[in-house]
Amino acid sequence: MEPQLIKREPLGKGFFVNVSANHTFGTDAVLLSNFAAAKKKDKLVDLGTGCGIIPLLMLRDGALQKAVGVDISHEAAVLAERTRRELNIERFEIIEGDLKNLKGRVEFGSSTLVTCNPPYKAPNGGIKNPSITAAVARHEIACTLRDIIEVSSKLLQTSGRLCMCHRPERLSELMRLMSEYGLEPKRLRLVCQRQNEEPWLVLVEAKKSAHIGLRIAPTLYIEENGHLTEEMIKIYGAYKEAYLK
């Protein structure tokens with residue numbers, strides 16, 4: 001079944017992404033794509049790809065040798081595949097399926113980069129949305145944080161990178177699980193809406209089989225004096241007109 005109420009969002013440089021009421025994207029996905037800083041030779045797997053926004057932003061910027069987007073939602077997979085087909089991107093593959101069952105569908109140990117903008121709430125964390133699609137996106141129903149990190153470790157080659165965003169209150173759990181599965185946290189950045197406020201997002205990069213050594217980047221601020229900061233405008237980059245109009 002085709003998603004309902006599809007809208008085409010421009011991304012700049014001739015790229016766009018098809019979104020629906022159930023599968024759209026927010027600032028956290030844009031920040032994660034920027035933080036991951038994908039390279040031309042990277043072989044990406046994006047777990048829980050949704051509408052495919054993270055691979056599409058990277059491909060728009062000339063990165064990635066190959067991209068695979070994985071999502072358990074049929075609607076999300078159809079939406080991402082529609083964008084891939086309309087843009088005629090041959091090196092972008094969409095896999096509909098459970099990320100816990102990727103063996104035989106994606107070559108383990110071959111990826112140089114894995115990204116994931118995961119469900120932020122634990123299975124019993126807060127009231128679940130009555131929409132199963134929304135609930136799966138926000139709560140760890142279809143997969144847990146452990147599941148994500150375990151499969152990421154299997155997907156990555158030595159020195160491959162896992163880049164994730166999450167809520168700051170789950171940072172200690174996130175870093176503990178990364179280390180448990182041989183993914184050493186190497187870079188961390190906090191995101192605040194404005195100065196003198198607590199962070200609402202944390203960005204973390206880990207490398208497989210790397211030595212200990214964590215670098216903490218300067219805090220990223222979204223707003224200043226009621227306007228986007230210069231860094232945020234730069235991050236929005238080629239598609240800032242679509243966001244700032």
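These numbers were taken from a predicted model, which means no experiment stands behind them.
- With values rounded to the nearest 0.5 angstrom, D61 atom CG is found 11.5 Å from K40 atom NZ.
- Contact check on K207 versus E184 returns no salt bridge, with no Lys/Arg side-chain nitrogen under 4.0 Å from an Asp/Glu carboxylate oxygen.
- A cation-pi arrangement, defined by a distance under 6.0 Å to the six-membered ring centre and an angle within 45 degrees of its axis, is absent between R60 and F16.
- Note on I216 and M175: same hydrophobic cluster, where clusters join Ile, Leu, Val, Met, Phe, Trp and Tyr whose side-chain heavy atoms are under 4.5 Å apart, directly or indirectly.
- Closest of all the heavy-atom pairs between E197 and C192 is O-SG, 3.4 Å.
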Next on the checklist: Please determine whether side chain to side chain contact (heavy atoms under 4.5 Å, CB included) holds for the pair L156 and R161, giving the CA-CA distance in whole Å, both sets of side-chain angles, and the decisive distance to 0.1 Å.
Outcome noted: CA-CA 7 Å; L156 287 167; R161 300 181 296 132; 5.6 Å; no
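- In this structure, the separation between CD on E173 and OG1 on T144 is 8.5 Å, given to the nearest 0.5 Å.
- Using a distance-only test at 3.5 Å, with no hydrogens or angles considered, a donor-acceptor pair links the side chain of R91 to the main chain of L64.
- To the nearest 0.5 Å, atom OG of residue S73 and atom CG of residue L79 are 9.0 Å apart.
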Checklist entry - Is there a side chain to side chain contact (heavy atoms under 4.5 Å, CB included) between C163 and L113 once you walk through the steps? => result CA-CA 8 Å; C163 292; L113 177 61; 4.1 Å; yes
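- Residues forming a side-chain contact (heavy atoms from CB on, under 4.5 Å) with A206 (at least two apart in sequence, or on another chain): M178, L183.
- Ion pairing of K234 with E231 is absent here, as no side-chain N (NZ or NE/NH1/NH2) approaches a carboxylate O to less than 4.0 Å.
- No side-chain heavy atom of C116 sits under 4.5 Å from any side-chain heavy atom of S152.
- Residues satisfying the side-chain contact (heavy atoms from CB on, under 4.5 Å) test with A37, not counting sequence neighbours, are none.
- Within the 4.5 Å cutoff, no side-chain heavy atoms of F35 are placed close to those of T115.
- Looking at residues two or more places apart in sequence or on another chain, you find a salt bridge (charged side-chain N to carboxylate O under 4.0 Å, His left out) between K7 and E9.
- Using a cut-off of 4.0 Å between Lys/Arg side-chain N and Asp/Glu carboxylate O, E86 and R8 are scored as salt-bridged.
- Atom CD in E150 sits 11.0 Å away from atom CG in L155 (nearest 0.5 Å).
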Next on the checklist: Under the criterion side chain to side chain contact (heavy atoms under 4.5 Å, CB included), I'd like the reasoning laid out for V70 against D46: C-alpha separation, chi angles, the key distance, then a yes or no.
Outcome noted: CA-CA 6 Å; V70 179; D46 182 42; over 6 Å; no
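- In this structure, the side chains of L188 and L171 come closer than 4.5 Å at one or more pairs of heavy atoms.
- Contact record, D147 with L99: O-CD1, 4.1 Å, taken as the closest heavy-atom pair.
- By the 4.0 Å N-to-carboxylate-O rule, K66 lies too far from D42 to be salt-bridged with it.
- For the pair K39 (side chain) and Q65 (backbone), a donor-acceptor distance under 3.5 Å is absent.
- Annotation for P168 and P199: closest pair CG-O, 3.5 Å, computed over non-hydrogen atoms.
- The main-chain N or O of Y221 is found under 3.5 Å from a side-chain atom of T229 such that the two form a donor-acceptor pair.
- Here the CZ atom belonging to R84 is positioned 11.5 Å from the CG atom belonging to L59, to the nearest 0.5 angstrom.
- Put simply, the side chain of L145 reaches to within 4.5 Å of the side chain of L174, judged on heavy atoms.
- Taking both residues in full, the closest heavy atoms of C51 and L56 are given as O-CD1, 4.1 Å, listed atom of the first, atom of the second, then distance.
- Taking NE2 of H23 as the start and CD1 of I53 as the end, the distance is 14.5 Å to the nearest 0.5 Å.
- Distance alone, capped at 3.5 Å, is enough to place a donor-acceptor pair between the T112 side chain and the K43 backbone.
- With sequence neighbours left out, R167 forms a side-chain contact (heavy atoms from CB on, under 4.5 Å) with Y120, E169, W200, L201.
- Take A77 and apply the side-chain contact (heavy atoms from CB on, under 4.5 Å) test, not counting sequence neighbours, and it matches I94, E96.
- Residue I148 comes nearest to P119 through the heavy atom pair CD1-CD, 4.4 Å, listed as atom of the first residue, atom of the second, then distance.
- Panel note: side chain T219, backbone L190; no donor-acceptor pair is recorded below 3.5 Å.
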Next on the checklist: Please evaluate residues R82 and V78 with respect to the criterion side chain to side chain contact (heavy atoms under 4.5 Å, CB included), reporting the C-alpha separation (whole Å), side-chain torsions for both, the decisive distance (0.1 Å), and the verdict.
Outcome noted: CA-CA 6 Å; R82 175 170 173 163; V78 169; 5.5 Å; no
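- Taking the side chain as every heavy atom from C-beta outward, C165 and V202 never approach each other to under 4.5 Å.
- The side-chain heavy atoms of V151 and Y181, taken from C-beta on, include no pair separated by under 4.5 Å.
- Closest of all the heavy-atom pairs between L32 and N117 is CD2-N, 3.9 Å.
- By the salt bridge (charged side-chain N to carboxylate O under 4.0 Å, His left out) test, E107 is found to be paired with no residue, residues two or more places apart in sequence or in another chain being considered.
- A donor-acceptor pair under 3.5 Å is absent between the side-chain atoms of S153 and the main chain of I149, judged by distance alone.
- The side-chain heavy atoms of S159 and K208, taken from C-beta on, include no pair separated by under 4.5 Å.
- Between the S111 side chain and the V114 main chain, no donor and acceptor come within less than 3.5 Å of each other.
- Residues F108 and L102 are in side-chain contact: their nearest non-hydrogen atoms beyond the backbone lie under 4.5 Å apart.
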Checklist entry - Between K186 and E205, does a salt bridge (charged side-chain N to carboxylate O under 4.0 Å, His left out) hold up when you go through it step by step? => result CA-CA 6 Å; K186 299 295 291 183; E205 176 192 80; over 6 Å; no
Next on the checklist: Quick one, Q157 with S110, criterion side-chain hydrogen bond (donor to acceptor under 3.5 Å, both in side chains). Give me CA distance, side-chain angles, the key distance, then yes/no.
Outcome noted: CA-CA 5 Å; Q157 63 185 43; S110 66; over 6 Å; no
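- In this structure, T83 contributes its side chain and N18 its backbone to a donor-acceptor pair below 3.5 Å.
- Ionic pairing of R146 and E180 is present here: one or more N-O contacts between side-chain nitrogen and carboxylate oxygen are shorter than 4.0 angstrom.
- A donor-acceptor pair shorter than 3.5 Å cannot be found between the side chains of T49 and D71.
- Taking 4.0 Å as the cut-off between side-chain N and carboxylate O, R194 and E223 count as a salt-bridged pair.
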